[in-house]
Amino acid sequence: MNVVADQPMVTVSGVRLELIERGRGRPLLFLHPGIGIEHSAPVLEHLARSARVIVPSHPGFGRSDVPRWMNTVDDLAYFYLDLLEALDLRDVVLVGVSLGGWIAAAIAVKSTERLSALVLANAIGIKPGDRETRDIVDIFAATDEELAALAWHDPAAAVRDYKTMPDAEVTIAARNREALARFAWSPYMHDPKLPHRLHRIRIPTLFLWGASDRILSDAYGRAYCALIPGAQFEPIGQAGHFPHLEQPEAFARRVLAFAGIK
Amino acid sequence: MSAASPESSSMKVFHFTEQPYFPAWEDHDGSLRVNLPNRKLDPKVAADLLHRYYDEWLLADEIGLDIMINEHHQTATCMCSTAVVPLAILARQTKRARLLVLGYPIGHRPDPLRAAEELATIDVISRGRLEMGFIKGVPYEFPCSNQNPVGVMDRFWEAHDFILKAMTSHDAPFNWEGEYFHYRQVNVWPRPWQQPHPPIWSTTGSRNNARVLGERGYVMATLGTGYNTRPLYDAYRDGYVSKGRPAPAADRFAYLGLVAVARDEAEARRRGDLVAGYLRTGTIVHVPFRNPPGYLSVEDNARLLKGQTPPRTRAKDGRVVDMRSGNVQDLIDGGVLFCGTPDQVFEQIVAFCDYCGGMGNLLMMGQAGYLNHADTVDSLTLFATEVLPRLKDYRQPVAEATAAA
């Protein structure tokens, strides 16, 4: 379970992983949503002013490899438990957005030994409604324009021009879309077992919720929050499904404050 | 099946229709597949159409044509949502035609044991007339089946391996605990008529997959690839000879094209325009369903994001043919539509086979689009009486493998 570094690539449990680190202090593991994370994202700078921010691309996302057998969020959760051990991280603030929130919850139900705080932002992973309720928008049935309007407070901020983007970044966008389906196609964006395991999380937990999100409802977030003992729910204004992108400064400030980091 | 035997070099022609529900084609909101509400189908109209299409297949059997059927899901372009139904009906009601399913979408069906049982039963009822085409399924159908499009080819090949093992194991139940499918006591009753199993076909549009099909020696079909077909066939040939075999005979290749024949050229072109309705409607699908994640490779998806879409079909002179907007002449030039008098259709098909370096199975869309029953019967009959005998006599070229692929 050793780590072989080849910046920004490391090898963990035999998987070559893209991983960057910024800043010093308490370790903060940031788990990105299905759209991946750009290393230039301002939220990482805001967080890195007061913490040691560790940002992997999940297996299959970004430039990270994915072994053929790895195809569930539980697989990713066990993999990140390996990463925490391999880097010997302790007292970790675990932060996840959307898919990253689901992975973070799946990690925390297995072990919180190395964790001290958990922040789930607009997290997917559960299905509170009945079988005929579409709790999570079917993003694979939506056009890019529909998706931007549903996911963003300011849909104009979602526009990406692939035609002028460097090829390597276009390839990453294509990899991210495929990898999200790999882990979340069916059961769609959730694990039916997760609600029955969330009670095991007994560290301070914050649900930070982009209030303009229409991929997930506010009620969805509150139902999720109610399954974790003592968890707090805080809406974050002027932000949709990706509050770390639309309100990076406020997002970082609230995460750090919740974790007790100055 | 040696390359030199006369039987294998004699062309087979399969009559095919997608069994379209064309009455719904003028009343949609930008999508004929997946999400077109099924209230737009009148079951009484559907019954009349389905019986009509079966009558046309029975006619094909009588006049010396073979038969191809397929399945699609949740679509007004094709009312057959389960290939086993037409196979079962035709296995019983036809007398001589080969029955080709192209294909059975094992890439997104959940249960290959069921597939093996169904196909073996069809083979027995038809007394060994089944041709077994396996496909992964078109992109629009993964939202319907909800199978994960990521890894579809891995699932396809595991289902393929399982079905073959199920059809060729005769002495004791076997165990299968694979990546996608789990069974512990597999012992298919009835076992297939044809030994060791019905012939295997597949389709492709990619050179990589064409080479894989060549290595396996299966019959490879391409659909409407026109004068862009040769590189795919050459990739197949390279794969075929890489296993130490001589160049593949024409019977290893199949091509799906539209066909409209009439005594009179103007009438044939009128019919050609009606069958082209298939091409003009086939891609009317709500945009997000056209390319589910993981169906195409990352490299292909990156090219799509950058707005690069290589043309599927070209005319002989290299001109790109747009199948959705092309007129009858464009489609004839592109090798997508064989249309005209019997003489003209014969010449067009032979020119295409020569270009391909041999193509021994014409998958003839003898009914498509809006073509009505009377026109279909007339066109099929003319084809069978005046084109087919000459195609049977035509000597296919046998191209050597090339390094072009």
Side-chain angles (χ1 to χ4, degrees), chain A residues 34-36 57 59-73 75 99 131 134 137-151 159-190, chain B residues 29-31 33-37 73-75 107-110 136-158 177-182 284-309:
Chain A
I35 58 170
S57 290
F61 292 80
R63 296 175 179 79
S64 295
D65 290 347
V66 61
R68 182 163 160 157
W69 61 267
M70 210 184 252
N71 57 14
T72 67
V73 164
D75 294 333
L99 171 70
R131 65 189 180 188
R134 195 171 276 158
V137 165
D138 187 351
I139 64 165
F140 299 118
T143 64
D144 289 350
E145 296 73 26
E146 288 167 340
L147 217 47
L150 292 166
V159 175
R160 307 188 79 198
D161 183 4
Y162 294 105
K163 293 194 171 74
T164 59
M165 202 181 278
D167 284 357
E169 286 178 38
V170 178
T171 298
I172 285 173
R175 292 196 85 216
N176 290 347
R177 180 167 178 267
E178 174 174 323
L180 178 59
R182 178 185 189 89
F183 293 106
W185 180 268
S186 181
Y188 181 68
M189 304 277 178
H190 76 283
Chain B
D29 190 20
S31 191
R33 299 176 186 259
V34 187
N35 58 347
L36 182 68
H73 298 263
Q74 302 187 186
T75 175
H108 69 112
R109 302 316 303 156
K136 64 176 173 176
V138 295
Y140 339 110
E141 293 175 358
F142 289 81
C144 311
S145 71
N146 208 34
Q147 288 291 353
N148 198 332
V150 179
V152 56
M153 285 315 291
D154 296 331
R155 191 191 304 107
F156 171 93
W157 284 115
E158 187 178 327
E177 291 167 282
E179 187 176 359
Y180 293 96
F181 307 110
H182 290 246
I284 299 175
V285 191
H286 183 49
V287 169
F289 297 137
R290 293 180 194 175
N291 181 26
Y295 185 84
L296 296 175
S297 69
V298 165
E299 294 72 26
D300 285 345
N301 275 313
R303 278 191 281 273
L304 279 180
L305 283 172
K306 291 184 81 75
Q308 300 161 1
T309 47

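Every heavy atom of this structure was used, including side-chain atoms; hydrogens, water molecules and symmetry mates were not. Throughout, a chain's letter reflects where its sequence line sits, starting with A, and its residues are numbered from 1.
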Return all side-chain donor-acceptor pairs below 3.5 angstrom for residues 146-156 of chain B, not counting sequence neighbours, or 'none' if the list is empty.
| residue | atom | partner | partner atom | Å |
| --- | --- | --- | --- | --- |
| B:N146 | OD1 | A:W185 | NE1 | 3.4 |
| B:N146 | ND2 | A:S186 | OG | 3.3 |
| B:Q147 | OE1 | B:R155 | NH2 | 3.4 |
| B:N148 | OD1 | B:V150 | N | 2.9 |
| B:N148 | ND2 | A:A181 | O | 3.0 |
| B:R155 | NH1 | B:G107 | O | 2.5 |
| B:R155 | NH2 | B:N148 | O | 3.1 |

Kindly give the heavy-atom pair with the smallest separation between A:A174 and B:N301, and that separation in Å.
CB-CB, 3.9 Å
Nearest-0.5 Å distance that lies between atom CZ in A:R160 and atom CG in B:L305:
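Here the interatomic distance stands at 9.5 Å.
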Chain A contact via B:N291 - which portion, at a heavy-atom distance below 4.5 Å
both
So for B:L304, is it side chain, backbone, both, or neither that comes closer than 4.5 Å to the heavy atoms of chain A?
neither
Given the options B:E299, B:E179, B:R303, which has more heavy-atom pairs under 4.5 Å with chain A than any of the others?
B:E179
Can you find a heavy atom in the side chain of A:F140 that is under 4.5 Å from one in the side chain of B:P293?
yes
State, with a plain yes or no, whether a side-chain heavy atom of A:E178 is found less than 4.5 Å away from one of B:L296.
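The answer is no; the side chains never approach within 4.5 Å.
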Residues of residues 161-168 of chain A contacting chain B, heavy-atom criterion under 4.5 Å, by residue number:
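Answer by number: A:Y162, A:K163, A:M165, A:D167.
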How about B:R290: does its CZ atom have over 12 heavy atoms from other parts shown lying under 6.0 Å from it?
yes
Against chain B, label A:A142 side chain, backbone, both or neither, depending on which of its atoms sit under 4.5 Å from a heavy atom there.
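Backbone of A:A142 only, per the 4.5 Å heavy-atom cut-off to chain B.
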